[in-house]
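Computed from a predicted structure; not experimentally measured. Atoms within each ligand, like the ligands themselves, are counted from 1 in listed order.
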Amino acid sequence: MSSEPDIRRIASAFALPGEFLSAERYGSGHINDTYAVTQSQGTGRRRFLLQRINQKVFRDPPGLMSNVSRVCSHAQARLRQEGRTDAERRALTLVPTRAGGDWHKDESGGHWRCYLFIEGATGHDVIRDENQAREAARAFGAFQSLLADLPGERLKETIPFFHHTPVRFENFRKALRADAHGRAARARAEIEFALSRECDVSVIVDGLADGSIPERVTHNDTKLNNVLLDDLTGEGVCVIDLDTVMPGSALYDFGDLVRTSTSPAAEDETDLSKVEMRLPMFRALVEGYVAAAGGFLTRRERELLPFSGKLITLEIGLRFLTDWLEGDVYFKVRRPDHNLDRCRTQFALVRSIEDQMEGMRAVVASLDR
Ligand code: ADP
Ligand code: GN1
Ligand code: MG
């Protein structure tokens, strides 16, 4: 799926207004192929977001699109019920194909979908200030709240065991045993770091299994750049990247916010001295998240908010390390050892979280009072 597709032709399969003017690759996601398409509209122009679903990652694109379509429709309906006049900016809207479907299959078997483009808002790769952290967390909390009454059958698991950290750990161990590219010797410290944290990996899955943590409809990929913040007001406007919306734990979503919104360093920063979990950012996240989701979070979920940050950061670090050991087959990489750099950054953040766990617990406790 690496050949450059004929975007004009693919765009013509969707019920877009006007004429095709241009298209460019867009965004910094690690998974899908994303294009901003500009169409004429009267004397003006309008953009749309065209995406090819990564089929190595998502094995059942029609099943995935059925989830996405249900989630978009429900979110739109709920926002309209709440009297929002800007619902199409607050939740994603799929543009139908000319045949009336939610997705288009091209001649090489690629599956494409098209969304309305949310203008005047940006997904940030690196957090700038506490307001952004608060707004991002509020938006993801509100998203969960919006989906709490999603009607119909349980959403499909678009990637089985996506946040099953013990399975991720086992996959890491298998990749290590195989060491198919002879890379393990160059990452002894990271491998030791991972192996010594096995005792943490089952806390959330055990809680889900014994019922002490409730299953919810969750986003599961709540990194900072998967929520668009208004360019003028900074407000969290629209949650995007809905491919992994499926049954999960609220802690997965909060944990990934801690991973991506408390450190001033980029996910692939190579100067590890810059990687740090900052308590004021964590506080802003808890404030924003509890403001939107506090109504339904249980006591146990609140207690585990700090731990979730550690666990999800460890889990994604394990996934980067596994992918590096396996020869970079999953995440898009832009340089040699990119996945190893990303793993190192995650593990440095895990360490920083561990060092500040008491302070993080105190933040949650102070907001519980
Ligand atoms: P990936 O799964 O590859 O991360 P995303 O769905 O997150 O793909 O899209 C990649 C990027 O495209 C996002 O980070 C965001 O910048 C941008 N984007 C996605 N959907 C929209 C949209 N509807 N409007 C504007 N920008 C969008
Ligand atoms: C991927 O799709 P994107 O870039 O928003 C990945 C997440 C990882 C993240 C790490 C489907 O997210 O699970 O946490 O990269 N998505 C998938 O940056 O694997
Ligand atoms: Mg994304």
What protein heavy atom is closest to atom 9 (C) of ligand 2, reported as residue, atom name and distance in Å?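 Minimum-distance protein heavy atom for atom 9 (C) of ligand 2 reads Lys223 NZ, 3.7 Å.
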Tell me, do Lys156 and Arg70 make a side-chain contact under 4.5 Å, heavy atoms counted?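 Contact flag for Lys156/Arg70 side chains = no.
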Are side-chain N/O atoms of Asn339 and Arg342 paired as donor and acceptor at under 3.5 Å?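 Asn339 vs Arg342: donor-acceptor pair found between side chains.
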Any idea which atoms of ligand 1 are less than 4.0 Å away from a heavy-atom of Gln51?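 Answer for ligand 1: 5 (P), 6 (O), 8 (O), 9 (O).
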Contacting atoms of ligand 1, where contact means under 4.0 angstrom from a heavy atom of Thr34: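 The atoms of ligand 1 under 4.0 Å from a heavy atom of Thr34 are 9 (O), 10 (C), 12 (O).
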Apply the side chain to side chain donor-acceptor pair (under 3.5 Å) test between His111 and each candidate in Lys105, Gln55, Gln51, Arg52; give the one that qualifies.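 So the option named by the test is Gln55.
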Side chain, backbone, both or neither: Leu116 near ligand 1, heavy atoms under 4.0 Å: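 Only the backbone of Leu116 comes within reach of ligand 1.
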Measure the shortest side-chain to side-chain distance between Phe58 and Ile31 over non-hydrogen atoms and say whether it is less than 4.5 angstrom.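 Side-chain contact under 4.5 Å: yes.
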I'd like to know if Asp243 contacts ligand 2, where contact means a heavy-atom distance under 4.0 Å to any ligand atom.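 It does not; every heavy atom stays at 4.0 Å or beyond.
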Nearest-contact summary for atom 11 (C) of ligand 1 - protein heavy atom, Å: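 Here the closest protein heavy atom is Gly27 CA, 3.9 Å.
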Mind checking whether Thr244 has an N or O less than 3.5 Å away from an N or O of ligand 2?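 No, Thr244 has no N/O under 3.5 Å of an N/O on ligand 2.
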How does Ile240 reach ligand 1, if at all, at less than 4.0 Å between non-hydrogen atoms: by side chain, backbone, both, or neither?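 Under 4.0 Å from ligand 1, Ile240 contributes side-chain atoms alone.
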Output yes when a side-chain donor or acceptor of Gln144 lies under 3.5 Å from a complementary backbone atom of Phe140, and no otherwise.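 A pair under 3.5 Å: no.
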Closest candidate by heavy atom, reference atom 16 (N) of ligand 2, pool Asp221, Ile312, Asn220: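 That would be Asp221.
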Do any nitrogen or oxygen atoms of Ser28 come within less than 3.5 Å of a nitrogen or oxygen of ligand 2?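 Min N/O separation from ligand 2 is not below 3.5 Å for Ser28.
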Side-chain donor-acceptor pairs of residues 276-283 under 3.5 Å, sequence neighbours excluded:
from: Arg278; atom 1: NE; to: Thr262; atom 2: O; distance (Å): 2.9
from: Arg283; atom 1: NH2; to: Ser366; atom 2: OG; distance (Å): 3.3

Looking at ligand 1, does Gly123 have a heavy atom less than 4.0 Å from it?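 False for this residue.
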Just checking, Arg351 and Phe347: is the charged tip under 6.0 Å from the six-membered ring centre and within 45° of the axis?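 Pair Arg351/Phe347 does not count as cation-pi.
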If the contact criterion is a heavy-atom separation under 4.0 Å, does Arg342 count as touching ligand 2?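 Flag not set, Arg342 not near ligand 2.
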Using a distance threshold of 2.8 Å, state whether an N, O or S atom of Asp241 lies below it from the Mg ion (ligand 3).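 Asp241 does place an N, O or S atom closer than 2.8 Å to the Mg ion (ligand 3).
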For Asn225, the ligand 1 atoms whose distance to one of its heavy atoms is below 4.0 Å: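 What qualifies from ligand 1 is 14 (O).
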Compute the minimum heavy-atom distance from Asp33 to ligand 1 and say whether it is under 4.0 Å.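 For ligand 1, residue contact (heavy atoms, under 4.0 Å) with Asp33 is absent.
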Enumerate the atoms of ligand 2 whose separation from the nearest heavy atom of Arg319 is less than 4.0 angstrom.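 Near Arg319, meaning under 4.0 Å from one of its heavy atoms, ligand 2 has 7 (C), 8 (C), 13 (O), 17 (C), 19 (O).
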Give the residue and atom name of whichever protein heavy atom lies nearest to atom 16 (O) of ligand 1, and the separation in Å to one decimal.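 Result for atom 16 (O) of ligand 1: Tyr26 CE2, 4.0 Å.
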Any nitrogen or oxygen of Asn225 lying under 3.5 Å from a nitrogen or oxygen in ligand 2? Just yes or no.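 In this structure, Asn225 places no N or O atom under 3.5 Å from an N or O of ligand 2.
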Counting non-hydrogen protein atoms only, what is the nearest one to atom 10 (C) of ligand 2? Give residue, atom name and distance.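 The protein heavy atom lying closest is Glu267 OE2, 3.2 Å.
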Is there a polar contact between ligand 1 and Ile118, counting only N or O atoms under 3.5 Å apart?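 Yes: some nitrogen or oxygen of Ile118 is under 3.5 Å from one in ligand 1.
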Electrostatic pair Arg183-Asp337, nearest N-O below 4.0 angstrom: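 Looking at Arg183 and Asp337, the cut-off is not met.
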For ligand 1, indicate whether the residue Asn226 contacts it via side chain, backbone, both or neither (heavy-atom separation under 4.0 Å).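 For Asn226, only side-chain atoms sit under 4.0 Å from ligand 1.
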Under 2.8 Å: N/O/S of Asn225 next to the Mg ion (ligand 3):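 No, since none of the N, O or S atoms of Asn225 sits under 2.8 Å from the Mg ion (ligand 3).
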